[in-house]
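In what follows, chains carry the letters A, B, and so on, assigned in the order in which the sequence lines appear, proteins first and then strands, with residues in each chain numbered from 1. If you're wondering where the values come from, they're calculated on a predicted model, not measured in any experiment.
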Amino acid sequence: MRVTLKSWDPAPIAPEKWFLCLGSEGRGRGPCVGQDKHTHTHTHTHTHMQMSFRATWSLVLKKVGPGMRGMHSPGSAANSEGKMPPYTNYHAQRSYPMPDEPFCTELNAEQRALKEKEKGSWTQLSHAEKVALYRLQFHETFAEMNRRSNEWKTVMGCVFFFFGFTALLIWWQRVYVFPKKPITLTDEWKAQQLQRILDMKGNPVQGLASRWDYEKKEWKK
Amino acid sequence: MAYPFQLGLQDATSPIMEELLHFHDHALMIVFLISSLVLYIISLMLTTKLTHTSTMDAQEVETVWTILPAIILILIALPSLRILYMMDEINNPSLTVKTMGHQWYWSYEYTDYEDLNFDSYMIPTQELKPGELRLLEVDNRVVLPMEMTIRMLISSEDVLHSWAVPSLGLKTDAIPGRLNQTTLMAMRPGLYYGQCSEICGSNHSFMPIVLEMVPLSYFETWSALMV
């Protein structure tokens, strides 16, 4: 039978929603519901709506972001005993692709049967079974875990927003706060000042006066 | 004085400052080399998909990046020390001038032959003549003979100040109760500006120093007038 990627690939969580569903995926503990593509999607959406507020709030408290990867080292001894899943973030790590602990630990009867079958010859497994076993062991495929995101657009947008806001602040300051410019910044004064510096040959070696042609009374070409 | 869009140091007026200019070029070149190397390595690290999380030891590279910086530091230290000792050479100055820092002006004493004392206050912006430099001009400049070694003795009457003239490579702290000495030797006539370089209160930025280097005969005329 023809195998295509799309036949088993449940729709991954859209990257732009990652900051809303922190904590709702990646929690492999507990039953891994329905590897079948329809129920998987629906369940996922349902749980992520349910869990998004609690998950986000608890993560805000823990100050989690993409940068929290380093705090819990994946596959450490403490992790393997306790309740935390091996992937402590929703996002699997390219640099730590194969932790010792499987993604799903509580298996239903059907999944346990499949694990038994895995102990035999792998040539007996159908493609769908192999995929199911993969999904039990790992949360995401490499393609899924390495997907691009639209985070950069958010970042650039915020950067430009703050640029603009700062520009507004500075404009307000120029109008209402800054004092008058001193007389020495007028063009006339600057010209007289420059003439005086050239007359006294200030910095004649490599600096300003060295660039003035005293015979022709003009800047050197 | 400094000029617009100046990138480096002011042109040297004394031989020591020339040495310092060359040393600055040398040290800055080393700085640029190291910075560009580091920037390049950072860019490599940020643009690779490869990962390696199991480094145990790296003896060879650790040795290299210990020995190499030590060599670079020696290469910087040797010219630096050379100039440092050059500044302390015996040079038999022909003239001694004392300057005392006050809040917020300098006073100068030429007491070798006659008793010449005067204060040097900054000219306020409103009283500048057209073309003068704001915050740099003073009412009484320090007139000195050019191409002669001059001993400057620097101290303070109240708080810490620092007597600095960048184009001569001079900066010496003015410490109350202490007499600091530096040697001044200008190879060109002209006006050389400097500013107080140690925080000393509200008008710290408004007590500049202006040296007027003139031929010896002009200096003698001036000092006879001033006494």
Side-chain angles (χ1 to χ4, degrees), chain A residues 66-67 69-76 86-88 91-100 142-143 145-149 151-152 155 179-212 214 219-220, chain B residues 1-15 17-18 20-22 24-25 45-46 48-55 122-137 141 146 165-168 186-194 205-206 210-214:
Chain A
R69 251 169 259 260
M71 276 178 62
H72 305 278
S73 63
S76 67
Y87 293 103
T88 56
H91 212 62
Q93 293 182 23
R94 194 164 52 78
S95 59
Y96 192 75
M98 288 188 252
D100 299 327
F142 274 81
M145 101 173 61
N146 292 338
R147 65 181 179 271
R148 294 190 306 243
S149 77
E151 185 188 357
W152 69 272
V155 171
K180 234 169 82 77
K181 282 191 190 169
I183 190 172
T184 53
L185 289 175
T186 56
D187 285 335
E188 194 197 341
W189 196 288
K190 287 200 285 195
Q192 287 166 325
Q193 197 169 284
L194 179 59
Q195 183 61 58
R196 180 164 177 264
I197 294 175
L198 290 174
D199 289 342
M200 70 166 94
K201 297 223 171 94
N203 293 297
V205 181
Q206 287 180 311
L208 194 59
S210 70
R211 295 185 222 138
W212 178 257
Y214 282 92
W219 292 110
K220 285 184 188 164
Chain B
M1 72 303 306
Y3 50 91
F5 299 104
Q6 175 181 337
L7 286 179
L9 301 164
Q10 293 178 28
D11 280 350
T13 309
S14 72
M17 189 58 198
E18 280 183 45
L20 284 171
L21 281 182
H22 296 310
H24 178 259
D25 287 343
M45 294 210 166
L46 290 175
T48 180
K49 290 209 174 302
L50 305 170
T51 59
H52 182 51
T53 52
S54 59
T55 303
M122 181 186 87
I123 297 181
T125 308
Q126 296 92 311
E127 294 167 32
L128 284 173
K129 297 203 207 55
E132 287 189 331
L133 300 165
R134 186 175 71 101
L135 307 185
L136 279 175
E137 303 289 352
R141 298 192 198 120
M146 56 183 250
V165 184
S167 50
L168 285 149
M187 308 309 290
R188 290 183 276 123
L191 294 179
Y192 301 103
Y193 293 85
S205 318
F206 309 116
V210 186
L211 299 181
E212 187 176 331
M213 308 306 297
V214 292

Any donor and acceptor pair, going by atom type alone, linking the side chain of A/Trp189 with main-chain N or O of B/Glu132 inside 3.5 Å?
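Judged by distance alone, yes, a pair lies under 3.5 Å.
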Going by ring pair (Phe, Tyr, Trp, His ring centres under 6.0 Å), name the residues that satisfy it together with A/Trp152, two or more places apart in sequence or in a different chain.
none
Specify the closest pair of heavy atoms between B/Tyr3 and A/Gln206, including all atoms of both residues, with the distance to one decimal.
OH-O, 4.5 Å
Can you give me the closest heavy-atom contact between A/Pro182 and B/Thr125, atom names plus distance?
CB-CG2, 4.5 Å
Sequence-distant partners of B/Thr13, side-chain hydrogen bond (donor to acceptor under 3.5 Å, both in side chains), two or more places apart
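side-chain hydrogen bond (donor to acceptor under 3.5 Å, both in side chains) check on B/Thr13 returns B/Arg188.
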Got a sec, which residues hit side-chain hydrogen bond (donor to acceptor under 3.5 Å, both in side chains) with A/Thr184, two or more places apart in sequence or on another chain?
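Partners of A/Thr184 by the side-chain hydrogen bond (donor to acceptor under 3.5 Å, both in side chains) criterion, ordered by chain and then number, come out as B/Arg134.
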Can you tell which part of B/Tyr193 gets under 4.5 Å to a heavy atom of chain A, answering side chain, backbone, both or neither?
side chain
Toward chain A, the part of B/Leu7 with a non-hydrogen atom under 4.5 Å
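Answer is neither: B/Leu7 stays 4.5 Å or more from chain A.
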Which of B/His52, B/Gln6, B/Gln10, B/Glu137 touches chain A most, by non-hydrogen pairs under 4.5 Å
B/Glu137
Which of the residues A/Ile183, A/Val205, A/Leu208, A/Asn203 is involved in the greatest number of heavy-atom pairs with chain B at under 4.5 angstrom?
A/Asn203
Which residues from residues 191-200 of chain A are near chain B, with near meaning under 4.5 Å between non-hydrogen atoms?
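Residues in range: A/Gln192, A/Gln193, A/Arg196, A/Ile197, A/Met200.
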Hey, is NZ on A/Lys181 packed in by over 12 heavy atoms from elsewhere, all under 6.0 Å?
no
